[in-house]
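Taking it in order: structure first as structure tokens, then the write-up.
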2 protein chains.
Amino acid sequence: MSEVLLPEVTVEVPPEGLSITEVSRATGIGVEALRYYEREGLLLDPTPRDAGGRRRYREGDLAWIGGLVMLRETGMSIADIRLMADLCRREGTERERLELLTRHRERVLAELRRTQRHLHAIEAKITSYEAVTT
Amino acid sequence: MSEVLLPEVTVEVPPEGLSITEVSRATGIGVEALRYYEREGLLLDPTPRDAGGRRRYREGDLAWIGGLVMLRETGMSIADIRLMADLCRREGTERERLELLTRHRERVLAELRRTQRHLHAIEAKITSYEAVTT
DNA sequence: GTTTGACCTGTAGTGCGCTACAGGTGGCAC
DNA sequence: GTGCCACCTGTAGCGCACTACAGGTCAAAC
């Protein structure tokens, strides 16, 4: 079975899991950043280890990391992601999770709209330069 | 005459210009940041001063700052904005300015599309939580 | 058995973009 | 003339999110 990590990324996860370097390559997150996220409590639970103490990421770990990437890349702070992880560890916190996500969505939407406005202005400038440089 | 600073912000600029605090309020940029931008060579030319050495921003200064805000808020680095300012001080650099802007537009567009993809995923999650918490 | 290399922990350092003083000046209000 | 306040310069400090060691372990490769 293969795991949909991000809309544009799919990974095959063998039964023994993936090494940290493999996850890094699949997600685009650096190895040090992956360890940092774990240290900071951003993962749902500590990554399972093999006999030698090395991290082995399973499908569930990958799924969570996929979500984490989306939150990070849309600008959610480390502190808020930790909050989300803390909530997801406790049952009956669905309402709070929903609130956190909803507030995040509002911020992302506002930022998206602002960027689009600015983009239009930038494109107008580009057009005027194109007229000059032809 | 009133100046269109940003698509959503218009300022009345008196003939003697605006003080740094007034510009700060109009643009949302902090006073310290405005001084920092000037120090870093992000302004087209040093802001004109009154007899006492205080900055007095005129329409032209405001127009440039409006553009600067758009570049910053779409994620252009301080270094690249300085580059743009350097180019705009020299004539015959229109082609380079166009290139810089075009590369920036590509980055902004890519980021915008990624954010939109992530937003869809976040909204799907929100929907599923809404189903649970009703 | 030793070399190689990927991994580990713990801690210190980095880059960016501000932000916060400290210490001083200029001009108006009273 | 003395408060007071907004402004000035110069420099130091900060918050965030990593990133880079140093020094060590473990397992397979030779």
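Naming convention: chains lettered A, B, ... in sequence-line order (proteins, then strands); numbering from 1 in each chain.
Regarding E22(B), its CD atom lies at a distance of 12 Å from the P atom of dA6(D), rounded to whole Å. Across the protein-nucleic acid pair, E40(B) atom CD and dG17(C) atom C1' stand 9 Å apart, rounded to whole Å. In this structure, E38(A) places its CD atom 8 Å from P of dC8(C), rounding to the nearest Å. Atom-to-atom, CZ of R82(B) to C1' of dC16(C) comes out at 12 Å; the value is rounded to the nearest Å. Per the geometry, CG belonging to L68(A) stands 12 Å off P belonging to dA17(D), to the nearest Å. A straight line from CD1 of I29(A) to P of dT19(D) spans 11 Å, rounded to a whole angstrom. Taking atom OH of residue Y36(A) and atom P of nucleotide dA12(C), one finds them 16 Å apart after rounding to whole Å. A straight line from CG of D50(B) to P of dC8(D) spans 8 Å, rounded to a whole angstrom.
Residue-level contact check: R72(A) touches the backbone only, with heavy atoms under 4.0 Å from sugar-phosphate atoms and none from bases. Within 4.0 Å (heavy atoms only), R56(B) reaches no atom of the nucleic acid at all.
Between R55(A) and dT9(C) there is a side-chain N or O to OP1 or OP2 distance below 4.0 Å. In this structure, Y37(B) does not reach the dG17(C) phosphate: none of its side-chain N or O atoms is under 4.0 Å from OP1 or OP2.
Nearest heavy-atom pair, R56(B) versus S19(B), reported as atom, atom and distance to 0.1 Å: NH2-CB, 3.1 Å. In terms of heavy-atom proximity, P46(A) sits nearest to E38(A) at CA-OE2, 4.0 Å.
Along DNA chain D, the nucleotide closest to E32(A) and the one closest to G75(A) are compared, and the more 5′ of them pairs with G75(A). Of the two residues near DNA chain C, V31(A) and I78(B), the one whose nearest nucleotide lies more 5' is V31(A). Closest-nucleotide positions on DNA chain D for R54(B) and R35(A) were compared, and the one nearer the 5' end corresponds to R54(B). Looking at which nucleotide of DNA chain C each of M76(B) and G52(B) is closest to, the 5′-most match is held by M76(B).
The pair E111(A)-R114(A) meets the salt-bridge criterion, since a charged nitrogen lies less than 4.0 angstrom from a carboxylate oxygen. A salt bridge is defined here as a Lys NZ or Arg NE, NH1 or NH2 lying under 4.0 Å from an Asp or Glu carboxylate O, and D61(A) with R58(A) fails to meet this definition.
Candidate nucleotides dT19(D), dA27(D), dC8(C) were compared by shortest atom distance to the side chain of A51(A), and dA27(D) ranks first. Nearest to the side chain of I20(A), among dC8(C), dA27(D), dA17(D), sits dC8(C). Each of dC8(D), dT11(C), dT19(C) was ranked by its minimum atom distance to the side chain of R49(B); first place goes to dC8(D).
With S24(A) contributing its side chain and I20(A) its backbone, the two residues share no donor-acceptor pair below 3.5 Å.
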